[in-house]
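Structure first, then comments.
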Amino acid sequence: MAIISPATRITPPLNRPFNHRSTLASTSSNFLFLRNPTPIVAVRCQKPVSDGVSSMESTNHASSVSSSIDFLTLCHRLKTTKRKGWINQGINGPESIADHMYRMSLMALIAADLPGVNRERCIKMAIVHDIAEAIVGDITPSDGVPKEEKSRREKAALKEMCKVLGGGLRAEEITELWLEYENNASLEANLVKDFDKVEMILQALEYESEHGKVLDEFFISTAGKFQTEIGKSWAAEINGRRKCQLTNIQRL
């Protein structure tokens, strides 16, 4: 599959900083940062050149390792940023972006085979589909940001993250997977988009049970929008369990 290059970046009002000294320093003043960002500290050590290894090879390896750790440090924010939809509902200690993506990855792992669908690609796509939120945060419909603007901000953030990673094949793969998902451009993207909705309503069902809330909006917003038989069947199972749960609550 041909690599799709992201659109030429127009610096958006992104809302989380990452002070990477070589890639973001020149642009950080243009970003709208979130309040109280998680501090990130990068510590690098210069290693001596090993016997039999050229200086250039050692430098390239050290640069690759440093870029990888910088990228992973930036992705730490996915673990600490809570999903805003649950915050808006008053859920105490809600899931993080990384929590959401992890269970989607498990869905891709355990789902039945579908003709023409590459399971490994689905797992990878689930892992990266919200990765740009490490910089822009979790933008929800309640924020009033148009879909086109949200996509523009996330594309710009993804481009910055790939710079932090140092470019190369892995950065290209992440970009391709993200764009494929964003554009709903394949059978794998269809399925992972269903997993995104399934994971959300499953989490809503769990929060309803744990917190005694009724979270209708998450079920209403996804109704009739599943594209695959797996997505439809899993959503039907969750909605069936919810109906029983609400019935039992009403009887109490």
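As a basis for the values below, the full set of heavy atoms in this structure was taken, side chains included, without hydrogen atoms, waters or symmetry mates.
Evaluation of the ring pair (Phe, Tyr, Trp, His ring centres under 6.0 Å) rule for F218 yields W86 as partners, not counting sequence neighbours.
Between M161 and A132, the shortest heavy-atom contact is SD-CA, 4.0 Å. Here the closest heavy-atom approach between residue P94 and residue I87 is recorded as CG-CG1, 3.9 Å. Contact between K232 and F226 at its shortest, heavy atoms only, is CE-O, 3.3 Å. Here the shortest heavy-atom pairing between E182 and S151 reads OE2-OG, 3.0 Å. Across all non-hydrogen atoms, the minimal contact from Y181 to A189 is CA-CB, 4.0 Å. Closest heavy-atom contact between L165 and S68: CD1-CA, 4.2 Å.
Checking R242, K243, K213 one by one against E208, the salt bridge (charged side-chain N to carboxylate O under 4.0 Å, His left out) holds for a single residue, R242.
Of the possible donor and acceptor atoms, one in the side chain of D194 sits under 3.5 Å from a partner among the backbone N and O of T228. Side chain of N118 to backbone of R121: a donor-acceptor contact under 3.5 angstrom is found.
Summarising the geometry, atom CG belonging to D138 is positioned 5.5 Å from atom CZ belonging to R83; distances are rounded to the nearest 0.5 Å. Distance OG1/T81 to NE2/H76: 8.5 Å, rounded to 0.5 Å. Atoms CD and CE, from E180 and M125 in turn, are 3.5 Å apart once rounded to the nearest 0.5 Å. Atoms CE and CD1, on M107 and I123 in that order, are 13.0 Å from each other to the nearest 0.5 Å. From L78, atom CG reaches atom CD1 of I97 across 5.5 Å, with rounding to the nearest 0.5 Å. Put simply, CG on L187 and CG on L114 are 8.5 Å apart, with the number rounded to the nearest 0.5 Å.
Heavy atoms from other residues, nucleotides or ligands lying under 6.0 Å from CD of E210 number more than 12.
Residues I220 and L215 fall into different hydrophobic clusters, defined by Ile, Leu, Val, Met, Phe, Trp and Tyr side chains chained together at heavy-atom separations under 4.5 Å. Under the 4.5 Å side-chain heavy-atom criterion for grouping Ile, Leu, Val, Met, Phe, Trp and Tyr, W178 is not connected to L169 through any hydrophobic cluster. M200 and V214 fall into different hydrophobic clusters, where Ile, Leu, Val, Met, Phe, Trp and Tyr side chains are chained together by heavy-atom contacts under 4.5 Å. Hydrophobic clustering of Ile, Leu, Val, Met, Phe, Trp and Tyr side chains at less than 4.5 Å, counting indirect connections, unites L158 with L72.
Using a 4.5 Å heavy-atom cutoff, the side chains of V117 and E188 are in contact. Side-chain contact between K155 and L179: present, with at least one pair of heavy atoms (C-beta onward) separated by less than 4.5 Å. Between H100 and H129 there is a side-chain heavy-atom pair separated by less than 4.5 Å. For the pair L74 and E160, the minimum side-chain heavy-atom distance is 4.5 Å or more. Looking at E95 and Y102, their side chains never come closer than 4.5 Å, going by heavy atoms from C-beta outward.
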Review point. Please walk me through it: do D143 and K150 pass salt bridge (Lys or Arg N to Asp or Glu O under 4.0 Å)?
Key: CA-CA 10 Å; D143 294 316; K150 177 178 181 291; over 6 Å; no
Check your understanding: Can you check side chain to side chain contact (heavy atoms under 4.5 Å, CB included) on F71 and I131, steps first, answer last?
Key -> CA-CA 11 Å; F71 177 81; I131 199 169; 3.7 Å; yes
Practice item. Would you check, one step at a time, whether the test salt bridge (Lys or Arg N to Asp or Glu O under 4.0 Å) holds for R152 with E148? Key: CA-CA 6 Å; R152 185 181 72 83; E148 295 77 11; over 6 Å; no
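Residues in residues 98-109 take part in these salt bridge (Lys or Arg N to Asp or Glu O under 4.0 Å) pairs, two or more places apart or across chains: R103-E199, R103-E206.
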